[in-house]
**Student:** 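Just passing along the structure, written as structure tokens.
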Amino acid sequence: MSDPLLARLDPPDVGKDLTPRVVDTFATTRGPLGEVLVARSAEGVTYVRPVDDDADHTGFRAEYRRRLGRPLLPDDGPVPAIDARTRVDLRACSPFERDVLDVTASIPAGQTRPYGWVAREVGRPAAVRAVGTVLARNPVPLIVPCHRVTKADGSLGRYMLGEAAKARLLAAEGADLGRLAAFTTAGVVLIGSDTTGIACLPSCHHARRITDAHRVPFRSAAAAREAGYRGCRVCRPGV
DNA sequence: CAGACGGCGTAAG
DNA sequence: TCTTACGCCGTCT
């Protein structure tokens, strides 16, 4: 009985609620920005989108079928909460897409990282634009926090639900958008501490602890490097 | 299979 | 400083 398919189809509580094990199902629930449609397989949440106007959600289901290749049935059962702990099922994604989503999921709440940072973290430093493409199609927004990925200059950049939504989500997580915007305006991309010789991304937990007297702004990773700084091991700014 | 298409980055003007 | 042009690269058609 080691066959994984049989194992999935023959759990101890067969008969109670078989449907979700055989087909993917969806329901509506409340997310941080309002009502969302949440689809899931037996493995986890597969797809999240804001509710559409259509009562049957035919558009959502058609899109699901096109992208996931499986039909989707309504389910009134309990819906998993939409947060960072929600188990997701990304089997429909390519390895590159999974890597991008995994790295994105590692960005702490209230912090931001550039698209280029994600590209570097997945080992494809030149695939910056492809990272954007992946995140634009993120199957599980709000769970995998693609709203925490910004442009290299710290400006928010685009978001599948609109840039305003991106700002709202970040603000709700405690990001100091005014502070980040000030750095962007000043062309500051990295913050160093002249006591440690370490440079951080502006939203890094450690960058926030540098006192005014010791804060050294940098306009590029190269500038920080030339000044003899090394990159923070936590936010890995690529210095 | 070739070509188009992007939630980007950055040099150049 | 602010635009614009162009390179980059994984997907989709």
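All of these numbers come straight from a predicted model, not from anything done at the bench. The chains referred to below are lettered A, B, ... by the order of the sequence lines, with proteins before strands, and numbering in each begins at 1.
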**Student:** Can you check nucleotides 11-13 of chain B for protein contacts, nitrogen or oxygen pairs under 3.5 Å, and list what you find?
**Tutor:**
none

**Student:** Give me the residues of residues 150-172 of chain A where at least one heavy atom lies under 4.0 Å from an atom of DNA chain B, by number, or none.
**Tutor:** A:K151, A:A152, A:R158, A:Y159, A:M160, A:K166

**Student:** Determine, stepwise, if the pair A:L161 / A:K166 fulfils side-chain contact (heavy atoms from CB on, under 4.5 Å).
**Tutor:** CA-CA 7 Å; A:L161 308 179; A:K166 198 168 186 172; over 6 Å; no

**Student:** Run the side-chain hydrogen bond (donor to acceptor under 3.5 Å, both in side chains) test against A:S155 and tell me which residues pass, sequence neighbours left out.
**Tutor:** A:D153

**Student:** Measure all distances between protein nitrogen or oxygen atoms and nitrogen or oxygen atoms of nucleotides 11-13 of chain C, and list the pairs falling under 3.5 Å.
**Tutor:**
unit_1	atom_1	unit_2	atom_2	d
C:dT11	OP1	A:S94	OG	2.1
C:dC12	OP1	A:R137	NH2	2.9

**Student:** State which residues pass side-chain hydrogen bond (donor to acceptor under 3.5 Å, both in side chains) with A:T28; sequence neighbours excluded, sorted by chain then number.
**Tutor:** none

**Student:** Do NZ/NE/NH1/NH2 and the carboxylate oxygens of A:D99 and A:R124 come within less than 4.0 Å?
**Tutor:**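 Salt bridge flag = no for A:R124 with A:D99.
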
**Student:** Take A:T196 and A:H206, measure what side-chain contact (heavy atoms from CB on, under 4.5 Å) needs, and give me the verdict at the end.
**Tutor:** CA-CA 11 Å; A:T196 61; A:H206 294 301; over 6 Å; no

**Student:** My understanding is that a hydrophobic cluster links ILVMFWY residues whose side chain heavy atoms are under 4.5 Å apart, including indirect links. Using that, what else belongs to the cluster containing A:Y47?
**Tutor:** A:F26, A:L37, A:V51, A:F60, A:Y64, A:L68, A:L72

**Student:** Quiz question: going by heavy-atom distance under 3.5 Å, is there a donor-acceptor pair between the base of B:dG9 and the side chain of A:Y115?
**Tutor:**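 Not at all, since no donor on one side and acceptor on the other fall under 3.5 Å apart.
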
**Student:** Decide, yes or no, whether a salt bridge links A:R158 with A:E163 under the criterion of side-chain N to carboxylate O below 4.0 Å.
**Tutor:** no

**Student:** Side chains of A:P108 and A:H205: does their closest heavy-atom pair fall under 4.5 Å?
**Tutor:** no

**Student:** Under 3.5 Å, is there a donor-acceptor pair between the side chain of A:T104 and the main chain of A:V144?
**Tutor:**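 Flag not set: sc A:T104 to bb A:V144 has no pair under 3.5 Å.
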
**Student:** Would you indicate what A:R219 reaches in the nucleic acid, counting non-hydrogen atoms under 4.0 angstrom: base, sugar-phosphate, or nothing?
**Tutor:**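 Sugar-phosphate contact only.
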
**Student:** Checking A:T58 now: which residues fulfil side-chain hydrogen bond (donor to acceptor under 3.5 Å, both in side chains) with it, not counting sequence neighbours?
**Tutor:** A:D54

**Student:** Report the distance from atom CG of A:N138 to atom C1' of C:dG10, rounded to the nearest whole Å.
**Tutor:** 16 Å

**Student:** Considering only distance and modelled atom types, tabulate donor-acceptor pairs under 3.5 Å from the side chains of residues 231-239 of chain A, sequence neighbours left out.
**Tutor:**
unit_1	atom_1	unit_2	atom_2	d
A:R236	NE	A:E121	OE1	3.4
A:R236	NE	A:E121	OE2	2.9
A:R236	NH1	A:V234	O	3.3
A:R236	NH2	A:E121	OE1	3.1

**Student:** Distance check: side-chain N/O of A:R124 vs OP1/OP2 of C:dG10, anything under 4.0 Å?
**Tutor:**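 For C:dG10, OP1 or OP2 has a side-chain N or O of A:R124 closer than 4.0 Å.
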
**Student:** Mind listing the N/O atom pairs, protein and nucleotides 2-8 of chain C, below 3.5 Å?
**Tutor:**
unit_1	atom_1	unit_2	atom_2	d
C:dG7	O6	A:R129	NH1	2.7

**Student:** Please list, chain by chain and in numerical order, all residues satisfying ring pair (Phe, Tyr, Trp, His ring centres under 6.0 Å) with A:F183, sequence neighbours excluded.
**Tutor:**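 Checked A:F183 against ring pair (Phe, Tyr, Trp, His ring centres under 6.0 Å); zero matches.
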
**Student:** Using a 4.5 Å cut-off on heavy atoms from C-beta on, say whether the side chain of A:T211 contacts that of A:T195.
**Tutor:**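 With C-beta onward as the side chain, the pair stays apart.
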
**Student:** With a 3.5 Å distance limit and no angle check, can you tell me whether A:S41 reaches the backbone of A:D24 through a side-chain donor-acceptor pair?
**Tutor:**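 Not confirmed, A:S41 side chain does not pair with A:D24 backbone.
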
**Student:** Applying a 3.5 angstrom cut-off to the pairing atoms, does DNA chain C sit in any stems of at least three consecutive Watson-Crick or G-U pairs? List them by first number.
**Tutor:** B:2-6 with C:9-13, B:8-13 with C:2-7

**Student:** Apply side-chain hydrogen bond (donor to acceptor under 3.5 Å, both in side chains) to A:R168 and list each qualifying residue two or more places apart in sequence or on a separate chain.
**Tutor:** none

